[in-house]
Amino acid sequence: MTSRDPIADLRRIAFLLERANEATYRVKAFRSAAATVAALPADELNRRAADGTLAELTGIGDVTARCVTESLAGEEPVYLRRIESTEGTDLKGAAAVLRSALRGDCHCHSDWSDGGSPIEEMALAAVELGHEYMVLTDHSPKLTVAHGLTAARLRKQLDHVAKVNEALPEGFRILTGIEVDILADGSLDQEDELLERLDVVVGSVHSGLRDDSAKMTRRMLAAIENPHLDILGHMTGRKVAASGEGDKGHRRGHTRPPSDFDLTRVVAAVAEHGKAIEINSRPDRLDPPKRMLTVAVEAGCLFSIDTDAHAPGQLDWQRYGCERAALCGVPVDRVVNSWSMDRLLDWTVSHSTPG
Ligand SMILES: [Zn+2]
Ligand SMILES: [Zn+2]
């Protein structure tokens, strides 16, 4: 019998657990085991599998050792088979059309801020999903709870991304970006020079979410008018109860009502300035709510169906955003991440140069 690739099997399990929103520690067990196996010489791996001594290694426990042994024996690990069999149903109709039109994701995080995995892991998962690009959008300095990147760290990240890109398969690219905080006065929490340099800028409100409508509207309008902002992230900031245990920074069962602002004026400004509204796919956000999304469709806005993934498996959450977009009649051609990378980049440049 030919053996399977135990590293691929362990990574696949981790991916599926993340997609199901399982607890971080459970996912980590499989990702750490994959890393341990990858670092092991093949003959030692086979010897330990035969001796039953895999679990003596740091990073491998009884469950992961069993998976590795099964893989090496050429069998699909029982653990993997069990999760695959409880997989969700396929998308239908308009949602499936939207999902298959998406070429990338414009909002995701790595372990440089509050994500759980290195940039390389996120990118490999995006490649496996068939994406052509992934915009890396780690948090900005003021969001200290999420380990937001200072200007210096962001510069370092840009150098790192350039190196990672060289090693990635042809036809896929990590685009540079940020999820920048929209500050109380509507300004953006990063140096202009950096915002100018980044491929894509997602701007989000993470503080003062209970401000009154007039104040919040002013703040959002100022951000939308800022030439650097391309996409307005999770526009209401609401949190809904989601199944699964969530990951760090996204506590399970923690709910929050949408913030209060003048929706008509906000969507009109987004349309006027040619910016996009994010359709945030996270099961604990589902932002904007459908009634607001419908108003934005009628106003002629562009959209970006993004995952806001904080782990590789969460990159497959776009399906949830597509379901909502389909219900609200979002036309495919108004979804910026259904566009080619070149068209997407032309679009972000088109409004970042004044005049
Ligand atoms: Zn985050
Ligand atoms: Zn955010």
Side-chain angles (χ1 to χ4, degrees), residues 18 24 31 104-126 133-168 173-209 219 222-223 226-235 237 247-251 275-276 278 280 282 285 304 306-312 314-315 337 344-345 348-349 352:
E18 283 163 352
T24 307
R31 292 215 178 273
D105 199 319
C106 295
H107 186 170
C108 70
H109 299 271
S110 73
D111 60 4
W112 282 62
S113 64
D114 61 345
S117 291
I119 296 168
E120 295 82 344
E121 278 284 339
M122 294 298 287
L124 284 176
Y133 50 85
M134 170 187 99
V135 186
L136 179 64
T137 55
D138 277 314
H139 291 285
S140 66
K142 287 256 162 56
L143 205 62
T144 48
V145 290
H147 205 215
L149 274 60
T150 58
R153 285 185 69 224
L154 180 54
R155 288 200 171 87
K156 209 180 261 178
Q157 185 182 64
L158 294 178
D159 293 340
H160 182 66
V161 167
K163 277 198 210 99
V164 175
N165 264 332
E166 281 169 27
L168 286 170
R173 197 166 121 205
I174 303 170
L175 298 178
T176 60
I178 186 172
E179 182 185 12
V180 67
D181 259 44
I182 297 175
L183 300 174
D185 62 356
S187 63
L188 304 180
D189 180 30
Q190 191 47 278
E191 292 176 7
D192 267 346
E193 185 265 330
L194 275 166
L195 294 173
E196 178 69 45
R197 223 175 118 187
L198 296 169
D199 293 321
V200 179
V201 173
V202 176
S204 310
V205 172
H206 289 112
S207 60
L209 286 158
R219 181 179 181 184
N226 186 313
H228 296 305
L229 183 138
D230 303 308
I231 299 168
L232 182 62
H234 49 71
M235 73 188 297
D247 46 13
K248 52 178 176 176
H250 298 275
R251 279 175 297 137
K275 308 296 176 76
E278 173 183 82
N280 188 297
R282 291 189 66 84
R285 284 199 182 270
S304 186
D306 299 329
T307 60
D308 194 355
H310 286 66
Q314 297 178 1
L315 285 168
N337 54 326
L344 178 79
L345 294 175
T348 63
V349 168
S352 70

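Note that the structure is predicted; figures quoted are calculated from it, not measured.
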Subject >> Heavy-atom check, side chain of H228 versus side chain of D192, under 4.5 Å >> reply: yes
Subject >> CG-OG1 distance between D114 and T144, expressed to the nearest 0.5 angstrom >> reply: 11.5 Å
Original post:
Can H206 and E179 be said to form a side chain to side chain donor-acceptor pair (under 3.5 Å), step by step?
Top reply: CA-CA 10 Å; H206 289 112; E179 182 185 12; 3.2 Å; yes
Original post:
How far apart are the closest heavy atoms of L188 and A223, and which atoms are they?
Top reply: CD2-CB, 4.3 Å
Original post:
Do D199 and T348 meet the criterion of a side-chain donor-acceptor pair at a distance under 3.5 Å?
Top reply: no
**OP:** Please report the closest heavy-atom contact between S140 and D189, naming both atoms and the distance.
**Re:** OG-OD2, 2.8 Å
**OP:** Return the minimal non-hydrogen interatomic distance between G104 and N337, and the atom names on each side.
**Re:** O-ND2, 3.0 Å
Subject >> Atom pair CD1 (I231) and OG1 (T137), whose distance is rounded to the nearest 0.5 Å >> reply: 8.5 Å
Original post:
From T176 OG1 over to L198 CG, what is the distance, rounded to the nearest 0.5 angstrom?
Top reply: 4.5 Å
Original post:
Distance-only, no hydrogens or angles: does the D306 side chain make a donor-acceptor pair with backbone N or O of C106 under 3.5 Å?
Top reply: yes
Original post:
Can you name the closest pair of heavy atoms from G148 and R153 and give their distance?
Top reply: O-NH1, 3.7 Å
Original post:
Is the closest basic N to carboxylate O distance between K163 and E120 below 4.0 Å?
Top reply: no
**OP:** For residues D181 and S204, determine if any side-chain heavy atom of one lies less than 4.5 Å from a side-chain heavy atom of the other.
**Re:** no
Original post:
So do I119 and V161 actually touch side chain to side chain, heavy atoms under 4.5 Å?
Top reply: yes
Subject >> D230 side chain near V202 side chain, heavy-atom distance below 4.5 Å >> reply: no
**OP:** Would you mind reporting whether D185 and R219 have side-chain heavy atoms less than 4.5 Å apart?
**Re:** no
Original post:
Any side-chain heavy atom of I182 within less than 4.5 Å of one from V205?
Top reply: yes
Original post:
How far apart are the closest heavy atoms of P312 and M122, and which atoms are they?
Top reply: N-SD, 3.4 Å
Original post:
Is there side-chain contact between D138 and S110, with heavy atoms separated by less than 4.5 Å?
Top reply: yes
Subject >> Pairs flagged by ring pair (Phe, Tyr, Trp, His ring centres under 6.0 Å) wherever residues 140-166 is involved - sequence neighbours left out >> reply: W112-H160
**OP:** With side chain to side chain donor-acceptor pair (under 3.5 Å) as the test, would you mind laying out the steps for T307 and D105 before giving the verdict?
**Re:** CA-CA 7 Å; T307 60; D105 199 319; 2.7 Å; yes
Subject >> Distance (rounded to the nearest 0.5 Å) between E18 CD and S117 OG >> reply: 5.5 Å
**OP:** Side-chain contact test, heavy atoms from C-beta onward, threshold under 4.5 Å: evaluate it for S113 versus L149 and give yes or no.
**Re:** yes
Subject >> Donor-acceptor pair between E278 and H107 side chains, under 3.5 angstrom >> reply: yes
**OP:** Check N280 against R282 and note the closest heavy-atom contact, atom names and distance.
**Re:** OD1-N, 3.0 Å
Original post:
Roughly how far, to the nearest 0.5 Å, is the NZ atom of K156 from the CG atom of L158?
Top reply: 12.5 Å
Subject >> Ion pair R197/E191, N-O distance below 4.0 Å >> reply: no
Original post:
What class does the angle between the rings of H139 and H109 fall in, given that below 30° is parallel, 30 to 60° is tilted and above 60° is perpendicular?
Top reply: parallel
